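Predicted, not measured: the structure shown is a model, and the values here were computed from it.
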Amino acid sequence: MESDVCRNVNGMSRNSALAVGVDANYTLAMIERGLSWRDDSGEPVGDLYRFLAEKGANAARIRLWVGFEGASRLLYATTISKMAAKASMSLHLVLFLSDAWADLFKQPVPKAWSELNLRERSKVIRGYTRSVARHFREEGLKVDSYQVGNEVDYGLCGVFASNKKRRKNLRWLKERIWRAEAELLTSAVDGVREEDPNASVSLQLGKWWDVNLVRAFFEAMQEFGVPFDMLALSFFPSAFGLESNVFHETLEVLSIFGKPISIAEYAYPSRQPHGQFWYMKKPVPRYPLTPQGQRDWVRDFLAYCSKHPRITGAFYWSPEMYLTRPRAKLVNEPKDMPLSFGWDAMALFNRKGRAKPALESLA
């Protein structure tokens, strides 16, 4: 968030209809390894989702990888969903269509689908998303919205623009990547709606600062007939820290499509990050990388979102993940979902698992 985005929001009341969301998918893995959380007074937090709900969170983003057992797969995601639903949060399910991480930098095809051609993969995807929607219904879990793919700017499910020079050409992207990606996306949406006819579906991009890419992608998806309802973005401003109006300009472009907008992922650090996310170290003007700066940024960003006519929700990414490096007592980390990757500066709990001031900004 740049200061232009935050201007004149101090002290503003928030729209109660805003989905104040969390993406807290590490919770179960941390509990299973004996990790816990404390409030700002040092008292143990029993049910993390209930605690986050008490702080103001009313929605949960659920990560789902292809597969039945293991980190972020069907059984795991079902358990996380039940924890969130028990805390009265709405559920927003992300169908990665991969069996591991997929994002701006990679979009791997699940191993079980790797030998399938595009048409065969589309058919399998349709059956897969239909079965997922059915599973959640049978488990008594109401999914408020589905997101197909995660940061799908450059592809999905094995269709990926790995050539960085070629993907700067938007026309090439449209014909060589997005056309095939649209086929996969359409199949995924069709599968969901065969089981859940009124499902709301979003598509998420990660490159929020590239206004031309964002516009071209969603224009292409409309042209190719992908039946989506919502546009979604990732937003991590401390990767740039510049005082500009790019984010606001991107939102203006998205508003042209006449659809709701979701901030699918956002976060801001309370100190300089290290480890994998070392580059998210540039403070936005007026918001130093301190616990108070983090608190103020989250407060003002959510106020901005609540006043924007198109934004319906914003989801803080991994507020629970306070680990900074491997611990001697931490055993059997999930191979596909390690817990110690340097996110602690961005988390809403400090390195000892104690609540940071920014948690109060969710309310």
message = Nearest 0.5 angstrom please: L64 CG to S72 OG, how far?
response = 8.0 Å
inquiry  = Within the structure provided, determine whether Q147 and V201 are in side-chain contact (heavy-atom separation under 4.5 Å).
reply    = no
Full working for side-chain contact (heavy atoms from CB on, under 4.5 Å) between V192 and V148 = CA-CA 10 Å; V192 167; V148 180; 5.6 Å; no
message = Angle between ring planes, Y26 versus F341, binned at 30° and 60°: parallel, tilted or perpendicular?
response = tilted
request  = Quick one: pull up CG in L28 and OG1 in T78 and give me the separation to the nearest 0.5 Å.
outcome  = 11.0 Å
remark   = Closest heavy-atom pair, Y279 versus K282, reported as atoms and distance to 0.1 Å, is O-NZ, 3.5 Å
From H92 atom NE2 to S200 atom OG, the distance as rounded to the nearest 0.5 Å = 9.0 Å
task = Give me the ring orientation class for F218 and F228: parallel if the planes are under 30° apart, tilted from 30 to 60°, perpendicular past 60°.
result = tilted
In one Ile/Leu/Val/Met/Phe/Trp/Tyr side-chain cluster, 4.5 Å: M221, I177 = yes
inquiry  = Same cluster or not: F315 versus F96, using hydrophobic residues (I, L, V, M, F, W, Y) connected whenever any side-chain heavy atoms lie under 4.5 Å apart?
reply    = no
inquiry  = salt bridge (charged side-chain N to carboxylate O under 4.0 Å, His left out), that's the test. Do E139 and K82 meet it? Break it down for me.
reply    = CA-CA 9 Å; E139 290 291 324; K82 289 181 177 179; 2.7 Å; yes
key: Mutual orientation of the aromatic rings belonging to F247 and F301 [parallel < 30°, tilted 30-60°, perpendicular > 60°]   = tilted
ask   = OG/S318 to CG/D344 distance, rounded to the nearest 0.5 angstrom?
value = 12.0 Å
query = Are any of the side-chain heavy atoms of S145 and D229 separated by less than 4.5 Å?
reply = no
query = Between R193 (side chain) and A199 (backbone), is there a donor-acceptor pair under 3.5 Å?
reply = yes
message = One pair to check against salt bridge (charged side-chain N to carboxylate O under 4.0 Å, His left out): E183 and R121. What are the steps and the verdict?
response = CA-CA 10 Å; E183 183 175 335; R121 201 175 301 172; over 6 Å; no
query = Can you check side-chain hydrogen bond (donor to acceptor under 3.5 Å, both in side chains) on S98 and Q107, steps first, answer last?
reply = CA-CA 7 Å; S98 66; Q107 291 289 336; over 6 Å; no
task = Could you state whether V226 and I256 fall into the same hydrophobic cluster, counting links through intermediate Ile, Leu, Val, Met, Phe, Trp or Tyr residues with side-chain heavy atoms under 4.5 angstrom apart?
result = no
request  = Would you confirm whether the ring centroid of W178 sits within less than 6.0 angstrom of the ring centroid of F224?
outcome  = no
remark   = When F160, F217, Y154 are each screened for side-chain contact (heavy atoms from CB on, under 4.5 Å) with E181, the one that passes is F217
key: Sidechain-backbone polar pair: D39 side chain, R354 backbone, donor-acceptor under 3.5 Å   = no
message = Hydrophobic clusters here meaning ILVMFWY residues chained together by side-chain heavy-atom distances under 4.5 Å, can you tell me if L205 and L254 are in one?
response = yes
note = Scanning both residues in full, the closest heavy-atom pair of T27 with Y76 reads N-OH, 4.3 Å
task = Test side-chain contact (heavy atoms from CB on, under 4.5 Å) on E265 and Q204 and set out the steps.
result = CA-CA 9 Å; E265 304 175 29; Q204 177 198 358; 3.1 Å; yes
ask   = Between W208 and F235, what is the ring plane arrangement, given parallel below 30°, perpendicular above 60°, and tilted in between?
value = perpendicular
ask   = Hey, what do you get for OG (S262) to CE (M230), rounding to the nearest 0.5 Å?
value = 6.0 Å
key: Backbone of A29 reached by a side-chain donor or acceptor of R33 within 3.5 Å   = yes
note = Heavy-atom nearest pair, I80 first then A24, reads CD1-O, 4.3 Å
request  = Look at the side chain of S270 and the backbone N and O of Q294, then say whether any donor-acceptor pair between them is shorter than 3.5 Å.
outcome  = no
ask   = How are the rings of Y268 and W297 set to each other: parallel, tilted or perpendicular (split at 30° and 60°)?
value = parallel
task = Flag the pair M89 / V22 as yes when at least one side-chain heavy-atom distance between them is below 4.5 Å, and no otherwise.
result = yes
Gap separating the CG atom of L118 from the CZ atom of R179, nearest 0.5 angstrom = 12.0 Å
L231 vs P260 side-chain heavy atoms within contact, under 4.5 Å = no
ask   = So, Y146 side chain and T129 main chain: donor-acceptor pair closer than 3.5 Å or not?
value = no
query = Okay, side chain of D23, backbone of R63: is any donor-acceptor separation there less than 3.5 Å?
reply = no
Any side-chain heavy-atom pair of E320 and M30 under 4.5 Å = yes
note = Nearest heavy-atom approach of V66 to P110 is CG2-CG, 3.8 Å
inquiry  = Quick check on ring-ring contact (aromatic ring centres under 6.0 Å, His included): which of W278, F277, Y322 does W343 satisfy it with?
reply    = F277
task = Quick one: closest heavy-atom pair of E120 and L116, and the distance?
result = OE1-CA, 3.4 Å
remark   = Closest heavy-atom pair, A355 versus D40, reported as atoms and distance to 0.1 Å, is CB-N, 3.7 Å
query = So, the side chain of W101 versus the backbone of D336: is there a donor-acceptor pair under 3.5 Å, distance only?
reply = yes
query = Are the side chain of W317 and the backbone N or O of M346 linked by a donor-acceptor pair below 3.5 Å?
reply = no
ask   = Does R50 reach the main-chain N or O of A87 with its side chain, forming a donor-acceptor pair under 3.5 Å?
value = no
request  = Step by step, work out the salt bridge (charged side-chain N to carboxylate O under 4.0 Å, His left out) result for R130 and E195.
outcome  = CA-CA 6 Å; R130 181 173 62 245; E195 188 64 35; 5.8 Å; no
message = I want to check something: taking the side chain as every heavy atom from C-beta on, are V298 and Y316 in contact at a cut-off of under 4.5 Å?
response = yes
ask   = Should the ring pair F51 and F349 be called parallel, tilted or perpendicular, given that the plane angle runs from 0 to 90° and is split at 30 and 60?
value = tilted
L18 side chain near I311 side chain, heavy-atom distance below 4.5 Å = yes
request  = Output yes when a side-chain donor or acceptor of D153 lies under 3.5 Å from a complementary backbone atom of L104, and no otherwise.
outcome  = no
key: Test item: W113 and Y128 side chains (from C-beta on) under 4.5 Å apart, heavy atoms   = yes
